[in-house]
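A quick note: this is a predicted structure, and the numbers were derived from the prediction, not measured. First listed ligand is number 1; within each ligand, the first listed atom is number 1. Counting from 1, the numbers follow the sequence of the chain as shown.
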Amino acid sequence: MALPERMHIIHIATELAQVAKVGGLGDVIYGLSKAQVKEGHRVEIILPKYDCIQWNHLNNLTVAHRDLWVAEGSQRFNNTIWKATHDNLSLFLIDPHHPHYYFTRGIIYGAHDDIDSFAYFSKAACEFLFQMQLRPHILHLHDWPTSLVAPLYKDLYSKEGMRAGALVLTIHNLQYQGKSSPFHLSRIVFNGSHYHHPERMQDPFQPLLVNLLKGGIVYADGVTTVSPTFEKESKTPLGGFGLHEILCKHKNKFRGILNGIDENFWNPQTDPYLKKNYAVSSSLSDKEFAAVLAGKEENRKELCKRCSLSHQKKTLLGSITRLVSQKDPKLILQAIERTLEKGGQYILLGSQPEEEVMKALATLKKTYPKSQLSLNFEQDEELAHLIYAGAHLFVIPSLFEPCGLTQMIAMRYGSIPIVRKTGGLADTVFDIDPSDAPLSERNGFSFDFPDREGVHWALDRALTCQETDPQKWHLLIRHALAHDFSWKQATPQYLSIYQELLKPA
Ligand code: ADP
């Protein structure tokens, strides 16, 4: 059987950049789908119809299907399926008429019943594909919230006659796994106790529970994660969050593919949020490079104005992050304090801060002049773009990082990353000083151990470079801009996995 040249790919996901985004997952669904459409494939994305969707980014919103009934426990609930487009991507939005008002909480994650709502969403997505008789070549699932589609398809829907060529699961974050009691799972899959087995979905740490992500790993035909280094780390006891054994067991179907970033959305030449646009490329003449520096300087001025920082000849550092344990807020605090001690400036744009972190940040804010530190605790796309363009340096000291997108975006805007060498950060940032990488690939500063000394060591070198060594500093910016972080590398790798899975056995 000849493999299809034009594939039909359906992503079942819980985020999409600009429409419903919490972090990198939204960027990846957007960027990967757009890259697949550009390659000529038919791509559709199934999402929950959250009440907090950015409606202004949706076009052609109409009802695609009414009266889609989904069984949950002994009851059946009605759903409306909407269709819409976003930036030429085709979306289906599942709108449950459910007494628990799933997806009407004003948030995407963090409700007390996330497991119930996403398990229900997974089942409604299967029911929709089955009833519409959509027969994609690839059903692509993402993270724990949609992992349940894999066992639902294999054990239930395929037996009813639903058809998909192959199922792929991508693990964007291994820490979040979706754990539930088998009894509870029975409401969606009928016999939760069947899955409560070490070979199926039993959680390795909490043996009384079932683990949805594990279900995706066991039942999907192919499993990927978002960088080659994280793929290796996740198969070790230290990096596997309890799932290393199951990932080792399924290693033949498990691959690491480095994420890209959408080069049109993240483009300093056309970015509508910047004060001054500037053209970047892999080889810039001296004149063009001077225009990059001038553009970045204008954006820094605007950024300082907006964040009430003085605009002086100081080094400006930034971080844009969820302030959760993975991102190591304590090390971010260390980086901020060290920067301020050394006379630099820092802008933090962080969401989900814990109280302890807020207190420590407030203390720093009181200790140092107001003109040095700006703290922002909201989701602010516009400010994020301005920081990427206006900061000199960008700090990401994560404890673990499956891929990380902010270092790639920062480099695309000519800002130099300071990172801990882990996961995708280790695959994308190569230290300008102690490094095995060829000189032309060295594009930032990194440290190994997640401690105060590590941060100080990298940060001090970065500040010295920016303040005293223009030649080296400019070389770093050129190297950062030269690196291709687009989806050009990853798209064919996904395609080849899809094709391998579709090959007749
Ligand atoms: P993660 O997915 O673990 O949160 P990534 O580095 O993969 O981290 O992706 C983070 C994405 O979310 C980037 O696009 C970044 O710009 C964006 N982001 C994070 N925090 C904020 C915020 N407070 N405001 C706007 N964008 C944010």
With ring pair (Phe, Tyr, Trp, His ring centres under 6.0 Å) as the criterion, how do Phe241 and Phe400 come out once you've worked through the C-alpha distance, each side chain's angles and the decisive distance to 0.1 Å? CA-CA 11 Å; Phe241 294 93; Phe400 73 95; 4.8 Å; yes

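Within a 6.0 Å sphere centred on CG of Asn56, heavy atoms belonging to other residues, nucleotides or ligands number more than 12. Residue Lys327 places its NZ atom among more than 12 non-hydrogen atoms of other residues, nucleotides or ligands, all under 6.0 Å distant.
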Please tabulate, for the side chains in residues 10-24, all donor-acceptor contacts under 3.5 angstrom to protein atoms that are two or more places apart in sequence or on a different chain.
unit_1	atom_1	unit_2	atom_2	d
His11	ND1	His142	NE2	3.0
His11	NE2	Gln36	OE1	2.9
Thr14	OG1	Tyr109	OH	3.0
Glu15	OE1	Val22	N	2.8
Glu15	OE1	Gly23	N	3.1
Glu15	OE1	Gly26	N	3.3
Glu15	OE2	Tyr109	OH	2.6
Lys21	NZ	Asp27	OD1	2.8
Lys21	NZ	Asp27	OD2	3.2

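For the pair Arg478 and Phe289, the cation-pi test (distance below 6.0 Å, angle within 45°) is passed.
Residues Thr422 and Glu401 bring no donor and acceptor atom of their side chains to less than 3.5 Å of each other.
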Under 3.5 Å, N/O to N/O: give me all the pairs between ligand 1 and the protein, one per line with atom names and distance.
unit_1	atom_1	unit_2	atom_2	d
ligand 1	2 (O)	Gly24	N	2.6
ligand 1	3 (O)	Arg322	NH2	2.9
ligand 1	3 (O)	Lys327	NZ	2.8
ligand 1	4 (O)	Arg322	NE	2.7
ligand 1	6 (O)	Leu405	N	2.9
ligand 1	6 (O)	Thr406	N	3.4
ligand 1	7 (O)	Leu405	N	3.4
ligand 1	8 (O)	Lys327	NZ	3.2
ligand 1	9 (O)	Gly24	N	3.2
ligand 1	14 (O)	Lys21	NZ	2.8
ligand 1	14 (O)	Asp27	OD1	3.1
ligand 1	14 (O)	Asp27	OD2	3.4
ligand 1	16 (O)	Tyr388	OH	2.7
ligand 1	23 (N)	Glu378	O	2.9
ligand 1	24 (N)	Asp380	N	3.0

